[in-house]
Trainee: 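Please see the structure below; I have some questions.
Both counts, for ligands and for their atoms, begin at 1 and track the order of listing.
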Amino acid sequence: MKNLTTAALFASTALAALPAAAETVGFAQIGSESGWRAAETTVTRQEAEKRGHDLKFADAQQKQENQIKAVKTFIAQGVDAILLAPVVATGWDQVLQEAKEAEIPVVLLDRQVDSSEDLYLTAVGSDLEHEGRVAGEWLVQQVGDRTCNVVELQGTTGSSPAIKRKAGFEAGIAGHDNITITRSQTADFTRTKGKEVMESFLKAEGGDEICALYAHNDDMAVGAIQAIKEAGKKPGTDILVVSIDAVPDIFQAMAAGEANATVELTPNMAGPAFDALEAYWKNGTVPPKFIQTESKLYTQADDPQAIYESKKDLGY
Ligand code: GZL
C-alpha cells in the first residue's frame with residue numbers, strides 16, 4: 001500500500017475488518033396457520049440474526065393479496081432480497097416481474113409458484129409429492145389386503161403442497177384397489193378446521209367405515225384426532241392416522257398411541273436460502289432453480305416421546 005498515510009492505512013484496515021454492510025431482506029410469510037409455519041418463522045428470524053441480515057417481516061394471515069402488498073412494499077423500500085412463501089401457486093407473475101425489474105432477487109420458501117423460473121432466483125423446499133407418496137406407501141404396508149376406506153384432509157386449496165401431497169398419496173396407494181379415498185376436503189392446514197371437517201366425515205361415514213385418515217399436515221391431524229376421540233373411536237387403532245410435518249405435538253400423539261406416522265418437513269428453509277443469497281450477493285453465483293430439503297418418515301417405532309422432547313422448544 002504505497003503512499004498511504006498511517007491514518008489512511010488504519011482507516012482502510014479498520015474498514016476491511018468491518019462485516020459487510022447488513023443486507024436487508026423482506027420476508028413475506030403466509031401467516032401462522034400451523035405449528036410448522038411458526039417454526040419456519042422462528043428459524044428464519046434466527047438465521048437472519050446469526051448472519052447479520054436485517055429482516056423485515058410481514059404476516060399475510062394466509063391471504064395472497066396481503067403477500068403481494070408486502071412484496072410491493074419491500075420493492076419500494078429497496079431491500080436487497082425478498083423471501084416469499086407463496087400461499088397459493090398462481091397469481092404471482094406481475095409482482096415477481098416488478099421485483100425482477102427492480103433487480104431484487106426473490107427466493108421462494110417451502111411452496112412453489114406456477115410462474116416462469118426466470119422470475120425468481122431459486123426455490124427452497126421439500127419434494128412435496130414424495131412426502132405424499134411416502135405416506136401412501138406406509139398405509140399400504142399397514143393394511144395389507146384389508147379393505148381400507150381413507151378420508152383425506154387437504155391443505156390450502158390451490159397451494160403447491162395440497163396439490164402435490166394429494167397426487168403423491170394417490171400414487172403411493174395406486175394398484176391397491178382395497179384402499180379407497182372415500183372423502184377428501186380442505187381443512188386449510190389448521191387444527192380447528194381439521195377437527196371440524198373430520199367431525200363431518202365421521203357423521204357422514206358413521207366412523208365404523210373409516211379405516212385411516214391422511215392429513216396433508218400434522219396440525220389438521222391433531223384436530224382430527226380430537227374429533228375421532230369425541231366420536232368414541234380410538235385414533236391410531238380404530239382409525240390409523242398418517243400426516244406430514246413432524247411437529248412436536250404429533251409425536252406426543254404417537255407416544256399416546258393416537259397417531260401412527262408422519263413425514264418430516266424441516267422448518268429450516270432459510271438456511272439454504274441465505275446461503276444461496278450470500279453467494280449471489282458476493283460472487284454473482286446463480287443457484288439451481290430448486291434447492292431440495294430432505295423428508296423422513298417417523299412412526300411409533302421411533303421413540304416418539306424422545307423426539308417430542310427434542311423438538312418441543314424449537315419454536316413450533
Ligand atoms: C409445506 C408447507 C405447509 C406445511 C403446513 O411445504 O407449506 O404449510 O406442511 C403449512 O404445516 O401450513
Side-chain angles (χ1 to χ4, degrees), residues 27-44 59-64 66-67 83-90 92 107-114 120 122-135 152-169 185-195 197 213-225 241-251 253 259 261-273 290-298 311 314-316:
F27 179 18
Q29 177 60 295
I30 290 175
S32 52
E33 73 280 1
S34 69
W36 183 89
R37 182 67 57 195
E40 184 192 44
T41 295
T42 299
V43 172
T44 303
D59 175 335
Q61 275 121 44
Q62 284 192 279
K63 291 182 174 59
Q64 182 177 28
N66 291 344
Q67 284 196 296
L83 302 179
L84 170 64
V87 59
V88 292
T90 56
W92 300 100
V107 175
L108 304 179
L109 299 186
D110 85 79
R111 296 188 185 179
Q112 283 96 47
V113 298
D114 289 352
Y120 55 88
T122 185
V124 179
S126 61
D127 180 337
L128 296 160
E129 184 151 355
H130 170 72
E131 294 166 337
R133 181 187 290 269
V134 167
E152 179 182 25
L153 294 174
Q154 296 182 34
T156 302
T157 302
S159 68
S160 58
I163 294 164
K164 295 185 176 183
R165 286 174 178 170
K166 179 168 184 47
F169 184 83
Q185 188 179 324
T186 183
D188 217 12
F189 283 127
T190 71
R191 293 189 185 199
T192 305
K193 290 182 182 170
K195 182 171 188 286
V197 176
L213 161 68
Y214 166 52
H216 291 185
N217 83 333
D218 294 340
D219 280 64
M220 295 188 290
V222 169
I225 284 166
V241 178
V242 55
S243 54
I244 301 170
D245 278 354
V247 301
D249 287 354
I250 204 67
F251 289 104
T262 186
V263 183
E264 184 171 47
L265 175 72
T266 176
N268 185 5
M269 306 285 180
F290 183 55
I291 299 171
Q292 184 175 327
T293 59
E294 293 313 308
S295 314
K296 182 178 184 305
L297 176 72
Y298 287 95
K311 284 191 165 220
L314 297 183
Y316 283 89

Trainee: Can you find an N or O of Trp36 that's nearer than 3.5 Å to an N or O of ligand 1?
Mentor: no
Trainee: Hey, does the side chain of Glu131 reach the backbone of Pro161 with a donor-acceptor pair shorter than 3.5 angstrom?
Mentor: no
Trainee: Can Asp110 and Arg37 be counted as an ion pair, charged N to O under 4.0 angstrom?
Mentor: yes
Trainee: Taking side chain to side chain donor-acceptor pair (under 3.5 Å) as the criterion, tell me which of Gln154, Glu152, Lys166 meets it with His216.
Mentor: Glu152
Trainee: Mind listing the closest non-hydrogen atom pair of Tyr316 and Ala38 along with its distance?
Mentor: C-CB, 4.0 Å
Trainee: Any heavy atom of Glu40 closer to ligand 1 than 4.0 angstrom?
Mentor: no
Trainee: Tell me the closest heavy-atom pair linking Pro272 and Ile291, and the distance in Å.
Mentor: CB-CG2, 4.0 Å
Trainee: For ligand 1, indicate whether the residue Asp219 contacts it via side chain, backbone, both or neither (heavy-atom separation under 4.0 Å).
Mentor: neither
Trainee: So is Ile244 touching ligand 1 or not, going by heavy atoms under 4.0 Å?
Mentor: no
Trainee: Please determine whether any non-hydrogen atom of Ile30 lies less than 4.0 Å from an atom of ligand 1.
Mentor: no
Trainee: Measure from the side-chain N and O atoms of Trp36 to the backbone N and O of Leu265, and report whether any donor-acceptor pair falls under 3.5 Å.
Mentor: yes
Trainee: Residue-level breakdown please: for Lys164 versus ligand 1, do any non-hydrogen atoms fall below 4.0 Å on the side chain, on the backbone, on both, or on neither?
Mentor: neither
Trainee: Check contact between Asp245 and ligand 1, using heavy atoms of the residue and a distance below 4.0 angstrom.
Mentor: yes
Trainee: With atoms numbered from 1 as shown, which atoms in ligand 1 lie under 4.0 angstrom from a non-hydrogen atom of Leu128?
Mentor: 6 (O)
Trainee: Check whether the side chains of Ser243 and Asp218 place a donor and an acceptor atom closer than 3.5 Å, and report yes or no.
Mentor: yes
Trainee: Within a distance under 4.0 Å of any heavy atom of Arg37, pick out the atoms of ligand 1 and give their elements.
Mentor: 2 (C), 3 (C), 7 (O), 8 (O), 10 (C)
Trainee: Using a strict cut-off of 4.0 Å, indicate which atoms of ligand 1 neighbour a heavy atom of Leu265.
Mentor: 1 (C), 6 (O), 9 (O)
Trainee: Determine the minimum heavy-atom distance between Thr157 and Val88, stating which atoms define it.
Mentor: O-CG1, 3.7 Å
Trainee: Determine whether Thr44 and Leu83 make a side-chain contact, defined as any pair of heavy atoms from C-beta on separated by less than 4.5 Å.
Mentor: yes
Trainee: Can you list the ligand 1 atoms lying under 4.0 Å from a non-hydrogen atom of Arg111?
Mentor: 2 (C), 3 (C), 7 (O), 8 (O), 10 (C), 12 (O)
Trainee: Decide whether an N or O pair under 3.5 Å exists between Glu33 and ligand 1.
Mentor: yes
Trainee: Which residue supplies the protein heavy atom nearest to atom 1 (C) of ligand 1, what is that atom called, and how far is it?
Mentor: Arg165 NH2, 3.4 Å
Trainee: Would one find an N or O of Asp110, backbone or side chain, under 3.5 Å from an N or O of ligand 1?
Mentor: yes
